[in-house]
Participant: 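One structure follows; several queries about it will come next.
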Amino acid sequence: MFKISRITFENFKIFRDFELDINENVNIFVGDNGSGKSSILQGIELALSGSSTKVQNIGLENLINIEAINEVLACKDVRRLPKLVIEIYLSLVSTAEPSDEIYYGENNKLGENTFGVKLVCEPREEYMSDIEACLCTKEPVFPYELYNIYHQTFKGDRFNPYKKPLEAVFINSSEINSKYALASTVKATYLSSVTEFERAQNRQRYKNIINQYEFVGQAKQKGICISSNLEDNLSIEQDGVYIENLGQGEINVIKTTYALNRVKDNTSIVCLEEPETHLTHSRMRKMLHEVIQKAERQQIFVATHSSQIVARLGLDNVFFIASNAKSTSLKKLNIETANFFRKAPSDSLLQFILSKKVILVEGAAEFILMEFFYELVTGNLPEEDNVWIISINGVSFKRYLQVSMLIGNKVAVIRDNDGSNKPRYVEFCGNNIQVFIDKDEVNRDTFEKCIYEDNKELCEKILPQTNTLGWMLNNKSETAYRLLSASGTTSLVVPHYIKEAILWVRR
């Protein structure tokens with residue numbers, strides 16, 4: 001049995017030249033919309049399918065990199081016609097069979113002797129003059145229909161859907177409303193649950209039943225009958241409700257559970273496209289439990305926007321796909337940090353990974369006021385400058401900064417000095433990470449004290465006048481909320497260290 005060890009893309013969708021070493025068990029792809037994380041799953045599916053029809057149904061105009069196409073249309077040079085190639089490198093996870101040798105060879109981009117398959121879409125040599133004619137017209141048209149589409153092993157042999165190195169199950173949650181997709185799932189669930197002998201028995205019993213059924217009215221005279229194929233008339237019942245009448249989330253769970261339980265000798269790949277769609281928090285946890293249990297036997301690929309999925313399946317299994325189609329693996333992440341987020345998943349984790357510029361603050365009070373502070377200092381809202389404010393527990397700063405060191409986003413840490421000017425997190429500080437604290441160790445050791453010292457008159461006006469500072473320290477979030485509410489009639493003075501942080505991260 002095989003697992004995927006590496007993939008390479010050439011001129012596939014957003015990817016001009018892309019290579020990725022794959023984790024043995026779990027692979028999680030995160031990134032902004034349009035970054036290419038879903039395309040990675042699609043590329044794996046197309047290359048493993050062995051089906052040129054599947055590629056044709058999608059259309060080469062939707063698959064070949066648009067920049068490569070525009071370059072050829074601009075220069076009209078047939079020598080620069082783009083070639084789409086997807087390579088899937090495989091590694092054996094069980095004893096090699098004689099039939100496995102057909103996938104072994106050096107017919108790959110790296111010229112290595114290894115197992116693998118690839119999809120190739122290239123211009124047909126015999127039609128090159130016709131292709132040139134298409135390009136040299138006044139308004140050139142790209143000749144997609146003159147491309148050849150084929151699947152090949154690394155040995156150099158062609159392969160088809162009936163001769164694949166491994167089976168892969170793909171679940172796209174956006175398709176759960178499709179009647180065809182739903183029927184296919186039900187049928188596949190049934191077929192994976194019975195033996196050939198049981199299937200034959202069930203088919204015969206079904207025929208005996210429908211042969212005894214008689215329609216009323218004119219239906220029988222018009223030739224109306226019930227299909228004799230049992231597999232075309234299946235459903236799944238859950239607590240008295242048939243699957244087609246269940247909510248989208250329940251259907252999604254059933255489809256995902258089926259994929260994870262579909263174990264055959266040559267089945268080892270499960271790809272999940274945004275499995276969090278339509279799921280509540282509790283249903284998500286149940287689904288993740290299933291995925292974790294199966295990950296040791298099957299290779300899991302997930303494209304997601306869910307912090308919970310990222311944390312539970314392991315931050316060290318994440319590939320961050322940037323908007324420039326470059327990938328960063330978090331495999332080098334400290335194992336303690338990965339386990340920390342598994343045990344204490346944060347809803348802000350994925351937002352932090354995807355943000356180019358971040359202000360990290362210690363608690364709710366700072367978070368409540370920070371957006372207002374940012375607008376006072378810059379005249380802009382944070383999102384206008386692509387800056388995101390995230391509140392975390394003080395003990396989590398190091399965990400987030402370890403992630404930042406790998407992905408390279410710009411992070412300003414704003415925190416209390418806690419009575420000491422000693423530099424914080426010096427092992428992380430550099431061009432992209434800076435820590436900002438107030439320098440006064442005695443009178444300004446907390447956020448609330450800094451706010452009080454810089455806005456004493458306002459604080460004593462809108463907050464309890466007896467021991468105002470003491471009340472602020474005991475009611476931090478309420479203090480921030482009242483100050484923000486009063487900001488419509490008067491302006492707050494932004495503490496100097498916070499102003500420094502805002503101006504630094506904005507640059």
Participant: Would you call Asp100 and Lys155 a salt bridge, taking side-chain N to carboxylate O under 4.0 Å as the test?
Facilitator: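 The answer is no: the pair does not qualify as a salt bridge.
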Participant: For Lys83, does its backbone N or O pair with a side-chain atom of Asn11 as donor and acceptor, under 3.5 Å?
Facilitator: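 Yes, because the side chain of Asn11 sits within donor-acceptor range (under 3.5 Å) of the backbone of Lys83.
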Participant: Considering the options Asn108, Thr8, Asn107, which one meets the side chain to side chain donor-acceptor pair (under 3.5 Å) requirement together with Lys118?
Facilitator: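 Option passing the side chain to side chain donor-acceptor pair (under 3.5 Å) with Lys118: Asn107.
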Participant: Using the ring of each side chain (for Trp, its six-membered ring), is Phe9 parallel, tilted or perpendicular to Phe18, with breaks at 30° and 60°?
Facilitator: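 Phe9 and Phe18: parallel rings.
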Participant: Tell me whether Tyr206 at atom OH has more than 12 heavy atoms from other residues, nucleotides or ligands lying less than 6.0 Å away.
Facilitator: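 Enclosed.
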Participant: Would you check if the side chain of Ser404 reaches a backbone N or O of Leu401 as a donor-acceptor pair within less than 3.5 Å?
Facilitator: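 Answer holds: no.
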Participant: Between Phe115 and Tyr103 (judged by ring centroids, cut-off 6.0 Å), do the two rings come close enough to count as a pair?
Facilitator: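 That pair fails the under 6.0 Å test.
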Participant: Can you tell me how far apart CG (Leu20) and CG (Asn27) are? Round to the nearest 0.5 Å.
Facilitator: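 Output value for this atom pair is 7.5 Å.
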Participant: Do the ring centers of Phe320 and Phe29 come within less than 6.0 Å of each other?
Facilitator: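 They do not qualify: ring centres at least 6.0 Å apart.
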Participant: Relative to each other, are the rings of Phe15 and Phe12 parallel, tilted or perpendicular (30° and 60° limits)?
Facilitator: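 Taking Phe12 first and then Phe15, their aromatic rings lie parallel (interplane angle under 30°).
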Participant: For the pair Ser396 (side chain) and Ile392 (backbone), establish whether a donor and an acceptor sit closer than 3.5 Å, ignoring hydrogens and angles.
Facilitator: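 Side chain of Ser396 to backbone of Ile392, a donor-acceptor pair under 3.5 Å: no, none is there.
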Participant: Please report whether the ring centroid of Tyr150 lies less than 6.0 Å from that of Phe159.
Facilitator: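 Ring centres of Tyr150 and Phe159 not closer than 6.0 Å.
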Participant: Taking the six-membered ring for Trp, is the centroid-to-centroid distance between Phe142 and Tyr147 below 6.0 Å?
Facilitator: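 So the answer is yes for these two rings.
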Participant: Arg199 and Asn202: side-chain hydrogen bond (donor to acceptor under 3.5 Å, both in side chains), yes or no, with the steps?
Facilitator: CA-CA 5 Å; Arg199 182 182 175 189; Asn202 289 334; over 6 Å; no
Participant: Is the side chain of Ser307 donor-acceptor paired with the backbone N or O of Asp347 at a distance under 3.5 Å, no angle test?
Facilitator: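 Present.
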Participant: Determine, step by step, whether Asp157 and Lys163 satisfy the salt bridge (charged side-chain N to carboxylate O under 4.0 Å, His left out) criterion, reporting the C-alpha distance in whole Å, the side-chain angles of both residues, the deciding distance to 0.1 Å, and the verdict.
Facilitator: CA-CA 11 Å; Asp157 298 334; Lys163 196 177 183 181; over 6 Å; no
Participant: With a cut-off of 6.0 Å (strictly less than), are more than 12 heavy atoms of other residues, nucleotides or ligands near CG of Asn431?
Facilitator: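 No, because the 6.0 Å sphere around CG of Asn431 holds 12 heavy atoms or fewer from other groups.
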